[in-house]
Amino acid sequence: MATTVENRQFHHEHVRSYSPNHQRSDSPIRDCNYPAVRQDVTTRKKVAADMYDTSDDDEDEVDYSDVIKKSNSELESSVFDPRDASTADLWIERNPSMVRLTGKHPFNSEPPLTKLMQQGFITPAALHYVRNHGPVPNASWDDWTVEVCGMVKRPTRFSMAQLIKEFPSKEFPATLVCAGNRRKEQNLTKQTIGFNWGAAGISTSVWKGVPLVHILKICGVYSRKKGALNVCFEGAEDLPGGGGSKYGTSISIEKAMDPARDIILAYMQNGEKLLPDHGFPVRMIIPGFIGGRMVKWLKRIIVTTSDSENYYHYKDNRVFPSHVDAELANSEGWWYKAEYLINELNINSVITTPCHQEILPINSWTTQRPYTLKGYAYSGGGKKVTRVEVTMDEGDTWSICNLDHKEKPNKYGKYWCWCFWSLEVEVLDLLSAKEVAVRAWDETLNTQPQNLIWNLMGMMNNCWFRVKTNMCKPHKGEIGIVFEHPTQPGNQPGGWMAREMSSDSSNQTLKKSVSSPFMNTTSLTFSMSDVKKHNSADSAWIVVHGHIYDCTAFLKYHPGGRDSILINAGTDCTEEFDAIHSDKAKKLLEEYRVGELITTGYTTDSAPSSPNNSVHGGTGITPIYQVMQAILNDLEDDTTMYLVYANRTEDDILLRGELDAWAHKYEDRVKVWYIVGRSVREGWKYSEGFINEDIMRDHVPEVGEDTLALACGPPPMIQFAISPNLEKMGYDIKNSLLVF
Ligand SMILES: Nc1nc2c(c(=O)[nH]1)N[C@H]1C(S)=C(S)[C@@H](COP(=O)(O)O)O[C@H]1N2
Ligand SMILES: [Mo]
């Protein structure tokens, strides 16, 4: 068993010059029970206790057996997957639901995001994401050893039995995140040199193992003065990188010895021995660090002067500035610049509820109760996530979410796990939002950037996580909001980033052909607070009848002079405009239209609206107007729409101009009928009074297979006037009436 360190692949010729006293190539690696350091188990434990304070290692230990048991229940069993049959991994059972990111081999996979979240705080080992650079070593527990060598006084080789019996252990939950988590968003911006992680390259387990600091102390690390500055870790698999090597990396000796960091050699995951994919029989766990530093199938720990020379230590897990492409990275040696190596995770958060393609039906049931947004958040280095915020107006206003930290911090106040956030929002607010975005903050006030910052390896992507809300076409008696995540993992299609990419680079015809069954209103929408910002000669926007016009270029041509536009810039000036302009001028204005005003309130007047106005508006014609607009904008939709629109007086009729224009333009498809309660002027050709059965029968079609009634208005009107009359007309109120 006694081998020497001569056959190691680690090159540390340079190390020798820093540590002339250390005759590494001559000093034999000792098995743990080598006579020269023979100690019985109790003595060794006592030595460990003497060398540093282990007295409270077990003190605050929490019993995790319940969470673990829960996490493993009701999980479909792992199987030999036919995709592995022709690979070196054919002997490994895997959970069939894992999403493969790199074809068959090596195995790189993440669980479906929704499934991951359903498991809660602790991820069952079989659903834990996997990042393998090569074939999984087919290890035997009894034969496995971990060798500690390099700049230590007592190079030693430990068996698994010794790691378990002769050292104190620590057990705690820790979240692992691959630095490539969320990389697909980067790849859709511009291809990086990494594969497509979705947002589930993250998992949490209860890990149990020997603190690294115990092992290093037992082996007697040389002093820093003598050059013991780094600790390298090496795995067991044979990899192609760098002309044949093991996976390996290193951390500094301070970090390795820091008791606050809870670094362990883990041999248990969720109360069981490790699965082959996660490093059986033993791996490094370095809480708060990127997954890439946590070497699996750990074979060697080498104390050295300089950091690891392993190919993967240099060519992986680095974040370069955006301008550095592959060529530049090689020609200018960016791989070897220490400051671009990453260790501690950065802060991140993700929306997991709603999930991708989730449909929230809009009906009297759903609009009356809030919808709960949910997700996860984490930060690195043990920093606590202290705030998570959601915006529904692209960052103008933020709501603070509820936070659920399931772990107890360690005695140094460090947090090693993800936390969960949630926020109740109004369904009508979701309906009027274009997207929902999340960002987190940690205790040192790190937060996430609004925009993606591309880097060559596609690592540490933590821009705001945005979920788009699209109106879902009336279908089988329902309309709804369909949510769209930015991407889907691996080569799975879907996500708004891919859609936006394809519509950028293609013509109208193609755009139509890639459209999903769900439509997006094609025109841009803005809130009044957006418009308000364009109030100068540099950018002069106005709102007229709910449409937004950019008049900047027109300023110098305006017959009435530029100032008369500028005093209205950034406001709704419908009345002012209508008062003095000819039909010709109105037509001219159309050329400058840049979008539509979003509002869910009853008012479209020029009163300054706070950002909240746009999200907390009452029920009104707006949702129905938006549905109609969406249908008309979809060239493939030929739904006929009948609108019966009741108001107190004619002056109260909102959006009348638009509705009449539609009724005129789409004569066969849009029928509008008004009812006003009082002050009817002479020549009024519509109904007067209250909505009743006769009016409904005259202006609403009989129920048909594909008929859907949408209603908005005060509850008594719905309850006493609309529902009963629709019922008389054969409508099944439960399934074919949607109330906003
Ligand atoms: N020996 C070895 N260790 C390794 C790797 C590897 O390929 N080989 N991958 C690393 C990377 S990049 C990550 S993110 C984590 C993933 O651990 P997991 O597969 O248990 O989730 O292991 C790290 N340790
Ligand atoms: Mo990773």
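Read the numbers this way: they start at 1 and go in the same order the structure lists the ligands and their atoms.
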Using a strict 4.0 Å cut-off to heavy atoms of [X], name the atoms of ligand 1 that fall inside it.
{"X": "Asn132", "answer": "7 (O)"}
{"X": "Met294", "answer": "22 (O), 23 (C), 24 (N)"}
{"X": "His128", "answer": "21 (O)"}
{"X": "Cys178", "answer": "14 (S)"}

Among all protein heavy atoms, pick out the one at the shortest distance from [atom]; state its residue, atom name and that distance to 0.1 Å.
{"atom": "atom 17 (O) of ligand 1", "result": "Arg283 NH2, 3.1 Å"}
{"atom": "atom 23 (C) of ligand 1", "result": "Gly291 O, 3.3 Å"}
{"atom": "atom 9 (N) of ligand 1", "result": "Arg131 O, 3.2 Å"}

Enumerate the salt bridge (charged side-chain N to carboxylate O under 4.0 Å, His left out) contacts for residues 113-133, please, sequence neighbours excluded, ordered by first and then second residue.
Glu76-Lys115

Ignoring angles and geometry beyond distance, decide whether [X] reaches within less than 3.5 Å of ligand 1 through its nitrogen or oxygen atoms.
{"X": "Ala236", "value": "no"}
{"X": "Lys296", "value": "yes"}
{"X": "Glu237", "value": "yes"}

I need the full list of side-chain hydrogen bond (donor to acceptor under 3.5 Å, both in side chains) pairs touching residues 485-494, with sequence neighbours left out, sorted by first then second residue.
none

Parallel, tilted or perpendicular, as decided by the 30° and 60° cut-offs, for the rings of Tyr376 and Trp418:
tilted

Looking only at non-hydrogen atoms, which of His133, Lys299, Met284 approaches atom 6 (C) of ligand 1 most closely?
His133

Quick check on Glu234 - does any of its heavy atoms sit under 4.0 Å from an atom of ligand 1?
no

pair Tyr267-Ile164: side-chain heavy atoms closer than 4.5 Å:
yes

